[in-house]
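First the structure, in the form of structure tokens, and then the observations on it.
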Amino acid sequence: MTNNLPAVSVKGLHKSFGSHEVLKGIDLAAHDGDVISLIGASGSGKSTLLRCIPMLEIPNSGSISVGEAHITPRDGKLSRADERTARAIRRDLGFVFQNFNLWPHRTVLQNVVEAPMIVQRRNKAECRDEAMALLEKVGLSDKADAWPNQLSGGQQQRVAIARALAQKPRALLFDEPTSALDPELVGEVLKVMRDLADEGRTMIIVTHEMGFAREVSSRTIFLHQGLVEEDGTPEQVFGNAHSERCRAFLSGYFDRA
Amino acid sequence: MTSELYLLGFGPEGWGPVLARAGLMTLAVSLSAFLLGTVLGTLTVWGRVSGNPVTRRIAETYVVVLRGIPDLLVIFLFYFGGRQVVSLVGTALGFEGPFDISGFVAGMLAIGLISGAGQSEVLRGAYQAVPKGTLEAGRVVGMSRWQLFRRVTAPQAMVTAIPGMGNQWQSVIKESALVSVTGLVETMRQVSIAAGTTQEHFLFYTAAAVIYLIITTLSDQVFRMLERRSMAGYAGGSH
Amino acid sequence: MDTVYLLDLFKKLLGGLPLTLNLAVFALLGGFAIALLLNLLRTTRIGNAVAGTYIFFFRGTPLLVQLFMIYFGLAQFEFVRSSFLWPLLREPYWCGLIALMLNDAAYTAEILRGGLRAVPRGAQEAARVSGMSRLQILRRVTLPIAVRQALPAYSNEIISMLKSTALVSMISLMDVTGIAREAVAETWRAVEIFLCAGLIYLVLSLIITRATSWAERALSPWQFGARQ
């Protein structure tokens, strides 16, 4: 792995749903160890941007690279070769959804070992040991044999993070990981994420938790109507943003808090 | 086969008029069986939810038994068994045989009984889906049990029950073909007669399929319309 | 009603049980395979129209009509009688089995479709994002969830198929119902005979109900909160 090549790189990304253009040309590069927060009003395109990286949404134009894998879809379609590249990209990324999306028919442990065992075809006992270590790390080793529907939202999301980590990803993507949680459960998930950032993991986080973004991220990007409106260190963006819209958006948040 | 299509027409050699009449007979026997089923189904739900252990037991047994026995056997039982019972009673009363029971009555009773078990499941589901709060609201304003049922429970349950009742009606139409074993001249029986007479089996059984498809498709439309109408006032309905 | 007569009757009726079970089992197996095929067809536009028409026809007409179309209807064509299928289509057993199978496929296809619809999109997305191939997603996530969601409806279909096998007695086959009809023709003790036959089916369907509700629990412990 060369260090000057970004872990995740997005260039000239356009994405439309029907006639509605959600992303109007986005560039973004995350180097190893970066923790990038994507903020912005709902409808600004931040979730769509994040979902484009593992090709959950297929961009209309632009390119995505993760490590050496590079993909340039045309007209929102993937060729057969692109499809293979997309799978390679997905193997290299960990994705955490807003609604956890644990597999309901598998236990907590089975959720965590699934990808390494089935996709990466690694040794079963080894996957198991690693999965147990990851569950320990997110504080859920005692729930290894529980079913997802027996867990609270916060616990499910911590399992989902362990599941993402089990892929040994180059970067972790979080799509509003605390938005579906009851307020009292948000803290436990943010704590796990903060630990990951401290370990030097590469993370891209779409979030509404402004305090967390300010404290934890190394870079903050404010999106507005499908374009990057502000991009800088958290001190810059939260303390001294160039963009009027960004300042207005943030003051709306901090006044309420 | 195309050259024999005149057999289905309304000309001098055509079977059209008798087939049409047979189609109406299918509708008649289905409709009476379905209504009987609705009465039995409602009684069954009442028996299950009334809280009386004896009626609950009877209602549950009725449903389990009728869902476990082939429809054809139930019809045979009513037709041949009915004849047996009528003969027994007739002879005991001093009448001279032979005794018979009409295919229509036997078929209606048998299919009504089968459908009643199915309808009770639909109706029970609909009854349980009525929000308990609306019942309490009725009780608070002083409604009697009968008023509660008529003004609060039934109207709400009917809306939820419509799609399920539509399925039950479709089943009844298809089951009605089995009544042909009693000799009642409904669609299936008439078609068998025509097929035997003309030796055009495929043509006439296809005609039967078309007649049933017409009836089931039209009924489906009616139930969809009912569903749309009844949804007015609920979320997604007008205003 | 004497016990000796009833015991004899039961023994006689049970002679039809192998045929009844044989028809039910093979119709369900074949029907399930065709139903899977119908759902695969649904992914293309023409295939969707074909599957839709098939299901519309078989669910919209009585099984008896379908059975007679195959048994009486097909035999009338010279090209059927001279085809390689004739050795099959001339046998009431195969006609009965084919009719039951085709009929079951239409209902099972709809049950499966309902199960597939009930698979949460998020679960499939999570599989995609972990790098699984289409086939892996189908095998590891979509089908297991769909099959388990469809199980309650499918257990009704199993019972319904068992009951439907009685129709083959209309084309001279000697299943439980066929034997009962023959016995009635000989003795005219319709009530006893048909009740006894009914009892056999009833016991079978109770066994099926037990077995499928056990299977539901065993296969989807997550819905019942059980631990492995």
Side-chain angles (χ1 to χ4, degrees), chain B residues 1 26 61 64-85 87-88 114 118 121 167 170-171 173-181 187-188 191-192 195-196 198-217 219-220, chain C residues 20 53 56-77 80 103 156 159-170 175-178 180-181 184-185 187-209:
Chain B
M1 194 181 100
T26 289
T61 310
V64 169
V65 168
L66 266 295
R67 306 223 89 184
I69 296 182
D71 310 339
L72 189 61
L73 270 185
V74 180
I75 292 171
F76 278 140
L77 192 60
F78 268 81
Y79 184 57
F80 294 109
R83 213 190 278 187
Q84 205 177 337
V85 171
S87 311
L88 229 72
I114 295 164
E121 299 279 283
N167 287 337
Q170 303 272 358
S171 300
I173 295 165
K174 286 177 270 174
E175 280 153 11
S176 77
L178 299 181
V179 182
S180 58
V181 299
T187 308
M188 197 62 208
V191 159
S192 296
T198 61
Q199 287 304 303
E200 291 290 339
H201 295 279
F202 196 80
L203 176 73
F204 277 100
Y205 288 121
T206 308
V210 171
I211 292 174
Y212 283 109
L213 279 178
I214 291 172
I215 298 177
T216 49
T217 310
S219 328
D220 193 44
Chain C
T20 294
T53 312
F56 171 73
F57 176 82
F58 280 96
R59 284 171 46 113
T61 56
L63 174 57
L64 192 60
V65 173
Q66 296 155 20
L67 181 66
F68 281 9
M69 273 179 93
I70 292 171
Y71 184 67
F72 294 115
L74 291 182
Q76 129 194 15
F77 298 112
V80 174
N103 182 270
N156 282 336
I159 291 172
S160 157
M161 250 308 111
L162 171 74
K163 288 160 62 179
S164 294
T165 58
L167 289 200
V168 298
S169 67
M170 303 289 291
D175 68 326
V176 174
T177 306
R181 290 179 66 182
V184 171
T187 65
W188 282 101
R189 298 171 78 161
V191 176
E192 298 98 305
I193 295 171
F194 286 133
L195 277 179
C196 284
L199 194 62
I200 292 175
Y201 287 97
L202 184 61
V203 169
L204 283 177
S205 66
L206 288 176
I207 292 172
I208 294 170
T209 308

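Heavy atoms only: backbone and side chains are in, while hydrogens, waters and symmetry mates are out. In what follows, chains carry the letters A, B, and so on, assigned in the order in which the sequence lines appear, proteins first and then strands, with residues in each chain numbered from 1.
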Chain C contact via [X] - which portion, at a heavy-atom distance below 4.5 Å:
X: B/Ser171; value: neither
X: B/Gln199; value: backbone
X: B/Leu213; value: both
X: B/Thr187; value: neither
X: B/Ser176; value: neither

Discussion item. Below 4.5 Å, heavy-atom pairs only: which of C/Thr177, C/Ile208, C/Ile159 has the largest tally toward chain B?
Written reply: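 Answer, by heavy-atom pair count under 4.5 Å with chain B: C/Thr177.
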Item to complete: Among the options B/Val191, B/Ile215, B/Thr216, B/Ile69, pick out the one with the most heavy-atom pairs lying under 4.5 Å from chain C.
Response: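 Greatest number of close heavy-atom pairs with chain C: B/Ile69.
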Worksheet item: Strictly by modelled atom types, are C/Gln76 and B/Glu200 linked by a side-chain donor-acceptor pair under 3.5 Å?
Response: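 Yes, a side-chain donor-acceptor pair sits under 3.5 Å.
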Worksheet item: Looking only at heavy atoms, which two atoms of B/Ile75 and B/Val179 are closest? And how far apart?
Response: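 So the minimum-distance heavy-atom pair works out to CD1-N, 4.1 Å.
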Measure distances from [X] to the heavy atoms of chain B and classify the residue's part below 4.5 Å as side chain, backbone, both or neither.
X: C/Leu162; result: neither
X: C/Leu63; result: neither
X: C/Thr209; result: neither
X: C/Thr61; result: both

Worksheet item: Which class fits the ring pair C/Phe77 and B/Phe202: parallel under 30°, tilted 30 to 60°, perpendicular over 60°?
Response: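 Correct class here is perpendicular.
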